[in-house]
Trainee: 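The structure under discussion is supplied below as structure tokens; questions concerning it will follow.
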Amino acid sequence: MLDPKLIRESPDLVRAAIAKKHLSVDLEAVLSADAAWRALLQDVERLRGLQKAANTAMATLPKGSPEFLAKLAEMKAVAAQVKERDAGLKAAEEACREAMLTLPNLPHASVPEGRTPEENVVFSSHGDPASAGPSAVAHWDIPGFSRLFDFERGSKVTGAGFPFFIGEGARLVRALINFFLEEDARAGYVEVSPPIFVNAASATATGQLPDKEGQMYETTPDRLFAVPTAEVPLTNFFREEILEESALPVRRCAYTPCFRREAGSYGKDVRGLNRLHQFDKVELLKWVHPSSSYDELDRLRDDVEGLLRKLGLPYRVLLMCGGDLGFAQSKKYDLEVWAAGQKRWLEVSSCSNFEAFQARRAQIRYRSKETGRAELLHTLNGSGLAVPRVLAAILENNLEPDGRVRIPEALVPHFGKSHLSFG
RNA sequence: GGAGGGAUGGCCGAGUGGCUUAAGGCGCAGGUUUGCUAAACCUGUUAACCAGAAAUGGUUACGGGGGUUCGAAUCCCCCUCCCUCCGCCA
């Protein structure tokens, strides 16, 4: 959420942010909810002040004395008033908080204007999409594909979008996870293996609840949520904590399976490995000093790009425009890898700076050396990387005439051989 | 899953209805003393929110939530977490 003081004192900034993100949010309703809450607060605090003063007086009066009894009668009336208005105050506070949660994070000045994904800016391009040749095929059309990636049995056992990975298919998944983790560790991210179920408080702090509840798998009767990304348990690691400034920046990476219901998806988006309900991903997280978060965003993007460069896959970096930025992000880059057979770009990473938006909601702070006070820090995250789509791109770009797939050199030590075959 | 014990400030730890933001100690900051260091002594040392240009004032907070009461760290109810023992288990 945004700083309530900012909303109150600079509503124009918030209004501009809403416009740049092309959202329709009723800022006036937020402002009036806030004003109503503050008016009630002052009223209740005045009454509490009366109670407190009376309490001090009554402590020294002899019990049963006329003065004591007079005070007591007087305070009974005040107590009734407090009780009544306190209920209203709580409701107003809740309403105010809920209203404020509807306000999006402010986009950074460097975020381009735009409404739709088409207006995202191509920030950079790497490698030659044409190198695989015009005869490249979609990965699901590669002869023997279903022997290594068994969607039918996955559907039988669990449901659509939960394939089995078999033999060299499974091995390639494991090689990619291993490669990502080792490269990320080399870049300074400490590996973490987090819980893959989180409670409602955690899902709320990172914004999955209450709005995106339908996107998560939920367990009964414990009401735990299967993580849609390792971002959720990782970000919550420091929830409601105060870090030492000298500990910043904290950089971590985690491999987890990710679970997404993907309600409403359809068509070629969901074919093959493009979009699964369960998939493997390595996520990168940073907790940084506010003054360095944009430098850290550049470094994060560069770290993730390094993975794609080493894999030798053609990719491009998009700078997201205001309309495609997302609710909580201040600035976001999407990394897309070229799928030569499908002749389309697949998003394999999203690198975002949330500034203090997540940190305020999750109450993650650092102790400022300068002021001695606890200040909100900035959080960033990015995938490094999503496995199935990278795998799909390898299959489509590296398919050789003999029907085998060349394994990128950087991956060979992890995979154990130079080619994957479907036979 | 069963039985019991616990949760107080940065830390340890008192406190069983009122003048308690909370004794005492440790730690930390400033000061005095002092060839230097150490010690000793003195003073200070929570956070959030609201109002205010500011100085400052006010309210809240003793794991979380609800209740009793004029008044709750203290009494009652529910929940969470931690510890010990038993059971089960990769």
Side-chain angles (χ1 to χ4, degrees), chain A residues 1-11 30-101 103 193-205 209 219-225 233 236-248 257 356 359-377:
Chain A
M1 67 184 278
L2 289 170
D3 184 353
K5 286 199 182 79
L6 175 88
I7 299 169
R8 220 171 272 150
E9 291 162 15
S10 312
V30 178
L31 291 171
S32 66
D34 179 56
W37 166 67
R38 282 187 294 159
L40 270 169
L41 179 68
Q42 284 171 41
D43 194 33
V44 170
E45 286 193 353
R46 180 184 58 82
L47 289 171
R48 288 236 174 87
L50 288 178
Q51 283 187 308
K52 218 173 157 174
N55 193 28
T56 309
M58 288 171 79
T60 54
L61 285 170
K63 286 195 177 53
S65 69
E67 296 90 340
F68 184 91
L69 292 175
K71 261 304 189 221
L72 194 146
E74 187 188 329
M75 284 305 115
K76 276 196 177 189
V78 172
Q81 275 188 64
V82 168
K83 195 167 183 177
E84 173 202 325
R85 295 188 198 183
D86 204 41
L89 178 67
K90 273 193 175 170
E93 187 173 7
E94 184 57 30
C96 184
R97 184 180 161 78
E98 269 177 35
M100 286 190 176
L101 284 175
L103 297 177
S193 181
I196 60 170
F197 290 93
V198 295
N199 57 31
S202 294
T204 303
L209 293 179
T219 67
T220 44
D222 298 311
R223 193 161 150 83
L224 295 177
F225 298 88
N236 277 283
F237 185 91
F238 291 121
R239 172 152 57 88
E240 288 148 45
E241 293 193 25
I242 299 171
L243 310 186
E244 287 305 319
E245 182 172 343
S246 58
L248 303 180
R360 183 172 293 104
R361 191 158 171 164
Q363 282 300 300
I364 309 172
R365 295 173 292 173
Y366 69 98
R367 179 77 55 194
S368 167
K369 278 190 196 133
E370 202 176 322
T371 65
R373 298 170 62 84
E375 312 275 4
L376 294 165
L377 46 69

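We name chains A, B, ... by the order of the sequence lines, and we start the count at 1 in each one.
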Trainee: So how far is it from A/F225 CZ to A/T219 OG1, rounded to the nearest 0.5 Å?
Mentor: 8.0 Å
Trainee: Using the P atom as the reference point in each nucleotide, state the distance between B/rA54 and B/rA73 in Å, no decimals.
Mentor: 32 Å
Trainee: Drop me the distance from A/N55's CG to A/M75's CE, to the nearest 0.5 angstrom.
Mentor: 10.0 Å
Trainee: Between B/rU60 and B/rC83, how many Å separate the two P atoms, rounded to a whole number?
Mentor: 35 Å
Trainee: Rounding to a whole Å, what distance do you find between A/D86:CG and B/rU69:C1'?
Mentor: 15 Å
Trainee: Could you list the residues that satisfy salt bridge (Lys or Arg N to Asp or Glu O under 4.0 Å) with A/R38, not counting sequence neighbours?
Mentor: A/D34
Trainee: Would you give the length of the straight line joining atom CD of A/E93 to atom CG of A/D86, rounded to the nearest 0.5 angstrom?
Mentor: 9.5 Å
Trainee: Okay, side chain of A/R239, backbone of A/A362: is any donor-acceptor separation there less than 3.5 Å?
Mentor: no
Trainee: Whole-Å distance between B/rC49 C1' and A/K90 NZ?
Mentor: 15 Å
Trainee: Please report the distance separating the C1' of B/rG63 from the corresponding atom of B/rU74, rounded so that it comes out in whole Å.
Mentor: 16 Å
Trainee: Measure CG/A/L40 against C1'/B/rA51 and give the value in whole Å, please.
Mentor: 15 Å
Trainee: Could you tell me whether the phosphate oxygens of B/rG66, OP1 or OP2, come under 4.0 Å of any side-chain nitrogen or oxygen in A/K83?
Mentor: no
Trainee: Rounded at 0.5 Å granularity, tell me how far CE in A/M58 sits from NZ in A/K63.
Mentor: 8.5 Å
Trainee: Taking atom C1' of B/rG10 as reference, at what distance in whole Å does atom CD of A/E245 sit?
Mentor: 18 Å
Trainee: NA contact type, A/A54, heavy-atom cut-off 4.0 Å: base, sugar-phosphate, or nothing?
Mentor: nothing
Trainee: Between B/rG17 and B/rG25, how far is it from one P atom to the other, in whole Å?
Mentor: 25 Å
Trainee: Considering every strand and a 4.0 Å limit on heavy-atom distances, what is the contact class for A/R8: base, sugar-phosphate, or nothing?
Mentor: sugar-phosphate
Trainee: To the nearest 0.5 Å, tell me how far A/I364 CD1 sits from A/E240 CD.
Mentor: 9.0 Å
Trainee: Let me know the distance between CG of A/L72 and C1' of B/rG18, rounded to the nearest Å.
Mentor: 12 Å
Trainee: On RNA chain B, check which nucleotide each of A/A59 and A/A79 is closest to and give me the residue with the more 5' one.
Mentor: A/A59
Trainee: Taking atom P of B/rA51 as reference, at what distance in whole Å does atom CH2 of A/W37 sit?
Mentor: 8 Å
Trainee: Report the distance from atom CD of A/E241 to atom P of B/rC81, rounded to the nearest whole Å.
Mentor: 17 Å
Trainee: Say you pick atom C1' in B/rC50 and the same atom in B/rU84; how far apart are they, in whole Å?
Mentor: 46 Å
Trainee: Given the C1' atoms of B/rA72 and B/rG65, what is the spacing between them in whole Å?
Mentor: 15 Å
Trainee: CG of A/L61 versus C1' of B/rG18: gap in Å, rounded?
Mentor: 11 Å
Trainee: Quantified in whole Å, what is the P atom distance between nucleotide B/rU32 and nucleotide B/rA23?
Mentor: 28 Å
Trainee: Both A/F68 and A/D34 contact RNA chain B. Which one's nearest nucleotide lies toward the 5' end?
Mentor: A/F68
Trainee: Any sub-3.5 Å donor-acceptor pair from A/R361's side-chain atoms to A/T204's backbone N or O?
Mentor: yes
Trainee: Between B/rG18, B/rC19, B/rA51, which one does the side chain of A/R38 approach most closely?
Mentor: B/rA51
Trainee: Does a side-chain heavy-atom distance below 4.5 Å link A/L89 with A/W37?
Mentor: yes
Trainee: How would you label the contact of A/K63 with the nucleic acid (heavy atoms, under 4.0 Å): base, sugar-phosphate, or nothing?
Mentor: base
Trainee: Let me have a per-nucleotide readout for nucleotides 55-62 of chain B, 5' to 3', with B, S or -, counting only protein heavy atoms under 4.0 Å.
Mentor: ---BBS--
Trainee: Where does RNA chain B form stems of at least three consecutive Watson-Crick or G-U wobble pairs, each pair having both distances below 3.5 Å?
Mentor: B:1-7 with B:80-86, B:10-12 with B:24-26, B:27-32 with B:40-45, B:46-51 with B:56-61, B:63-67 with B:75-79
Trainee: With rounding to whole Å, what would you report as the distance between B/rA47 and B/rG52 at their P atoms?
Mentor: 23 Å
Trainee: Reckon A/K71 has a side-chain N or O less than 4.0 Å from the OP1 or OP2 of B/rG18?
Mentor: no
Trainee: Nearest to the side chain of A/K76, which nucleotide is it out of B/rG18, B/rC49, B/rC70?
Mentor: B/rC70
Trainee: Are the side chain of A/E9 and the backbone N or O of A/L6 linked by a donor-acceptor pair below 3.5 Å?
Mentor: no
Trainee: I need the A/E241 CD to A/L377 CG distance, nearest 0.5 Å.
Mentor: 11.0 Å
